[in-house]
Amino acid sequence: MASFKSLPGFRDFYPEDLAPRTHLFRQWRRSAHAYGFQEYDAPVLESLDLYKAKSGDEIENQLFSFTDKGGREVALRPEMTPTVCRMVGAKANALKRPIKWFSIADFFRYERMQKGRGRCFAQFNGDIFGEAGPEAEIELISLLIQCLRGLGLAADDFYVRLSDRNLWFYYLEALGLGEEQVRGMLGAIDKFERLGEAAFEIYTKAHGEMPETLKTAVLRMLAIKSLSDLERLVTELDNEQLTNRLADWRQVLGGLDAMGLSDFVSVDLGVVRGLAYYTGFVFEAFDRKGDLRALAGGGRYDDLVKKLGGPALPAVGFAIGDMTMELLLKERGLLPEVASKPDVYVVVGGGAERLAAFGDIAALREVGYRVDYPMKDLGFGKQFKNATESGARLALIYGEDELAKGVVKLRDLSQREEVEVPRDQVAAAVRDFLSA
RNA sequence: GCGGCCAUAGCUCAGUUGGUUAGAGCACUAGAUUGUGAUUCUAGGGGUCGCGGGUUCGAUCCCCGUUGGCCGCCCCA
C-alpha cells in the first residue's frame with residue numbers, strides 16, 4: 001500500500017481520467033473561438049486582499065490561503081472573476097471593446113467533498129466587458145449553450161434559467177421596500193425553491209413581518225414562466241422602470257430565439273444567485289432531470305471592475321464547472337472511450353529487423369503519424385495481439401523474409417489482410433491506407 | 001461545521017459465530033506459441049485486512065478513537 005495519497009478533495013488524472021477532461025476542454029475552446037472570444041490565463045496564486053475586497057473577510061475560511069516567505073497574505077484562486085477584472089481593469093483603456101475573453105483553468109476551495117464538488121476543479125470562464133446593453137447577454141448566453149451543445153447535449157438534456165435582479169429591484173421598490181429590504185428579500189428568494197415559504201423567515205427575521213400583499217406579490221413574480229407572463233404583469237403595474245426593463249427582456253429573448261435557442265432558455269425569476277455583486281440579468285444552467293447541482297452560472301456585474309480598482313466598466317460573465325459537467329456527460333454516454341491510439345503498430349522480427357524498422361518509424365513520426373512498437377523482442381503472435389489492443393488500424397511487419405526481399409508487409413488489422421510494398425514506398429502506402 | 005453508511009490485492013468483492021500460512025474474478029507479467037490477433041490452459045508478482053489503541057491465550061473479525069471515502073444538511077464566488 002502506497003504511503004502517500006493525494007490530498008483530500010484533489011484528483012489524480014490517470015490517462016483514462018484525463019481523456020474526458022481533455023475532451024471537455026477541447027470542445028469548450030472550440031466553441032469559444034467560434035464566438036470570437038480570446039483566451040487568457042493568469043496566476044494560480046493571488047493576493048488574499050483581492051478576494052476579501054470582492055467578497056468580504058469571511059471568504060478566507062473557504063480559501064487555500066497562507067503567508068508567503070515575503071510576508072504576503074496570499075490565496076490559491078477560488079474563482080476567475082476577480083483576476084480577470086484586475087487584468088481588464090489595468091489595461092481597460094487600451095483594449096478594444098467589446099472585450100470578449102475566456103479561460104480554462106483550475107481553482108481551489110477549501111470545502112467539504114461532495115458529489116460534483118471537490119477542492120480542486122476546473123472551470124471554463126467566459127466574460128464580456130464594455131458592453132452595457134443586452135447584446136452582451138445574448139452573445140454570452142448563446143456561448144454558454146454552445147459550450148454544452150458542443151459536447152453533444154441537447155435541449156432535452158439541459159436548460160438555462162434566466163432571471164433578473166434589476167427586475168426584482170424595480171418591482172420590490174415599487175412595492176415600497178428599501179434597498180436593504182430588497183437585498184434581504186433576494187436572499188429569501190434564493191432559498192425559496194428549496195425551503196418553500198419557510199424561506200421568507202430569512203426576510204422576516206431581519207426586516208419584520210411581511211404584509212400578505214407583499215408575499216402575494218413575490219409569489220406572483222416567482223410564478224412567471226414566460227415572456228408573456230412577464231408582459232402581463234408589467235403592463236398591469238404601469239411602472240416606468242419595469243416597462244423599460246421589459247424592453248431589455250424582449251431583446252434578450254428575441255435575440256436568443258432568432259439564434260434558434262428558445263428551447264434552451266426558460267424565464268425563471270427564482271434564480272437570483274446569492275452574490276451581492278450581480279447587477280442585472282443572472283442565469284444558471286441545469287440538467288433537465290434535476291439531480292445534479294448547477295452546470296453553469298453567471299450574470300451581469302457592472303460595478304465589480306471599479307470596485308477592484310479599475311475604471312467603471314460594464315461586464316457580464318459565466319463559468320462552467322468540469323465536475324458536474326463530466327457527471328452529466330458520463331450519465332448520457334457522451335464521453336469518448338480512449339484518448340490516444342497509434343495509427344500504426346510496427347511488428348519487428350528481431351534485433352537486425354528492429355534497426356531497419358527504426359528508420360521508417362522515425363520517418364513516419366516525422367510527418368505526424370502516431371507510431372508504436374514493442375521495446376522487447378516478442379513472438380509474432382504476441383506482437384499482433386499488442387497491435388490489436390493498441391487500437392492501431394494498421395500493422396507494419398519487419399521480418400527477416402521481408403527485409404531479404406526489400407519489402408515490408410502492411411497488415412490491415414481489422415480486415416486481417418496484408419500486402420507487401422517495397423521499403424521505399426512504405427510512407428506512401430501508409431498514407432494511402434490511413435486516408436482511405 | 002452537523003448527521004447517516006462504509007473501509008480486505010490496481011479494480012469488484014468473498015471470508016473467519018475470534019484460531020495455523022487471508023481467497024476468487026477481472027487486470028497486469030511470463031510461458032504453452034522461434035511468422036499472424038479470438039478462445040483456452042499454466043505459472044507469477046501484488047495485502048503490515050485504512051491507521052492507532054482496548055478486550056483476549058490469540059483480533060482482519062468485537063469495542064473505542066482517528067483518518068479517508070460515499071450520501072444528505074449548511075455553504076456554494
Side-chain angles (χ1 to χ4, degrees), chain A residues 1-12 14 16-17 46 50-56 58-63 75-85 107-119 121 123 125 127 187 190-191 194-195 202 272-278 282 284 291-299 301 304 307-308 317-319 321 323-324 327 345 347-351 353 374 376-404 409-418 420:
Chain A
M1 191 65 74
S3 33
F4 291 108
K5 292 190 285 191
S6 66
L7 261 22
F10 287 79
R11 298 171 286 171
D12 288 326
Y14 288 85
E16 63 271 27
D17 305 315
E46 290 273 14
L50 179 63
Y51 303 111
K52 285 186 173 173
K54 183 197 159 213
S55 308
E58 331 74 66
I59 193 71
E60 190 169 353
N61 301 329
Q62 291 170 62
L63 296 177
L76 291 171
R77 62 184 174 203
E79 59 167 328
M80 196 55 112
T81 305
T83 297
V84 71
C85 286
F107 299 94
F108 304 85
R109 297 180 188 176
Y110 201 90
E111 294 188 286
R112 183 120 179 101
M113 275 284 279
Q114 226 173 97
K115 187 178 185 181
R117 189 168 77 178
R119 288 181 172 180
F121 54 93
Q123 279 185 349
N125 273 260
D127 294 272
D190 189 38
K191 310 280 185 231
R194 193 158 5 102
L195 302 179
I202 293 168
V272 295
R273 307 208 22 102
L275 314 170
Y277 67 82
Y278 283 114
V282 290
E284 293 186 336
D291 43 25
L292 297 171
R293 61 177 60 244
L295 295 163
Y301 50 99
L304 197 56
K307 190 175 175 186
L308 294 177
F318 73 88
M323 295 181 73
T324 304
L327 286 172
Y345 192 93
V347 171
V348 293
E353 293 81 11
K376 282 182 232 172
D377 289 337
L378 297 169
F380 276 59
K382 181 72 88 182
Q383 290 193 63
F384 281 108
K385 187 177 177 187
N386 287 346
T388 306
E389 288 174 353
S390 76
R393 292 162 56 200
L394 183 65
L396 291 182
I397 303 163
Y398 288 77
E400 195 178 350
D401 302 346
E402 285 83 0
L403 291 184
K409 267 189 191 142
L410 259 74
R411 184 175 175 85
D412 179 334
L413 286 164
S414 59
Q415 299 301 312
R416 303 186 175 217
E417 289 166 358
E418 51 194 41
E420 290 186 348

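So you know, we letter chains A, B, ... as the sequences are listed, proteins then strands, and number each from 1. Just so it is clear, the values below take in all heavy atoms, side chains as well, and ignore hydrogens, waters and symmetry mates.
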**Q.** Student check: side-chain heavy atoms of A:Phe10 and A:Phe108 closer than 4.5 Å
**A.** yes
Q: Show the numbers, then the answer: is there a side-chain hydrogen bond (donor to acceptor under 3.5 Å, both in side chains) between A:Asn386 and A:Thr388?
A: CA-CA 5 Å; A:Asn386 287 346; A:Thr388 306; over 6 Å; no
Q. Can a salt bridge be assigned to the pair A:Glu284 and A:Arg273 using a cut-off of 4.0 Å between side-chain N and carboxylate O?
A. yes
(Q) Salt bridge or not between A:Glu79 and A:Lys54? Use side-chain N to carboxylate O under 4.0 Å. (A) yes
Q | N/O donor-acceptor pair, side chain A:Arg411 with base B:rU36, under 3.5 angstrom | A | yes
Polar pairs (N or O, both sides) under 3.5 Å between protein and nucleotides 39-42 of chain B?
none

(Q) Rounded to whole Å, how long is the line connecting atom NZ of A:Lys54 with atom P of B:rC76? (A) 12 Å
Q | Verify stack between A:Phe384 ring and B:rU36 base, 5.5 Å, 30 degrees | A | yes
Q) Atom CG of A:Leu413 and atom P of B:rG37: how far apart are they, to the nearest Å? A) 12 Å
Q) In whole angstroms, how far is the C1' atom of B:rA77 from the NZ atom of A:Lys307? A) 12 Å
Q | Side-chain donor/acceptor contact of A:Glu418 with base of B:rU36 under 3.5 Å | A | yes
Q. Rounded to whole angstrom units, what separation is found between the CD atom of A:Glu284 and the C1' atom of B:rC76?
A. 10 Å
Q. Do A:Glu402 and B:rG35 have a side chain to base donor-acceptor pair shorter than 3.5 Å?
A. yes
Q: State whether the number of non-hydrogen atoms from other residues, nucleotides or ligands found under 6.0 Å of A:Lys385 atom NZ is greater than 12.
A: no
(Q) Counting primed atoms plus P, OP1 and OP2 as sugar-phosphate and everything else as base, spell out the protein contacts along nucleotides 65-73 of chain B at 4.0 Å heavy-atom distance: B, S or - for each nucleotide, 5' to 3'. (A) ---SSSS-B
Q) Charged N to carboxylate O below 4.0 Å: is that the case for A:Lys409 and A:Glu402? A) yes
Q) Mapping A:Arg109 and A:Gly381 to their closest nucleotides on RNA chain B, which lands nearer the 5' end? A) A:Gly381
Q) From B:rG35, B:rC74, B:rA77, pick the nucleotide closest to the side chain of A:Tyr277? A) B:rA77
Q) What nucleotide, of B:rC76, B:rU36, B:rG35, holds the atom closest to the side chain of A:Lys191? A) B:rC76
(Q) Closer than 4.0 angstrom, basic N to acidic O: yes or no for A:Glu417 and A:Arg411? (A) no
Q. Under a 3.5 Å cutoff on both atom distances, Watson-Crick or G-U, what's the dot-bracket for RNA chain B ([ ] crossing, | other strand)?
A. (((((((..((((.....[...)))).(((((.......))))).....(((((..]....))))))))))))....
(Q) Taking A:Val348's backbone N and O only, do any of them form a donor-acceptor pair with A:Gln383's side chain (distance below 3.5 Å, no angle check)? (A) yes
Q: Round to the nearest Å and state the distance from A:Lys382 atom NZ to B:rU34 atom P.
A: 11 Å
Q: For A:Glu389, report the nucleic acid contact type (base, sugar-phosphate, nothing); a contact means any heavy atom under 4.0 Å.
A: nothing
Q: Nearest whole angstrom, please: distance from the P of B:rC11 to the CG of A:Asp17.
A: 12 Å
Q: Take atom CD of A:Gln383 and atom C1' of B:rG35, then tell me their distance rounded to the nearest Å.
A: 10 Å
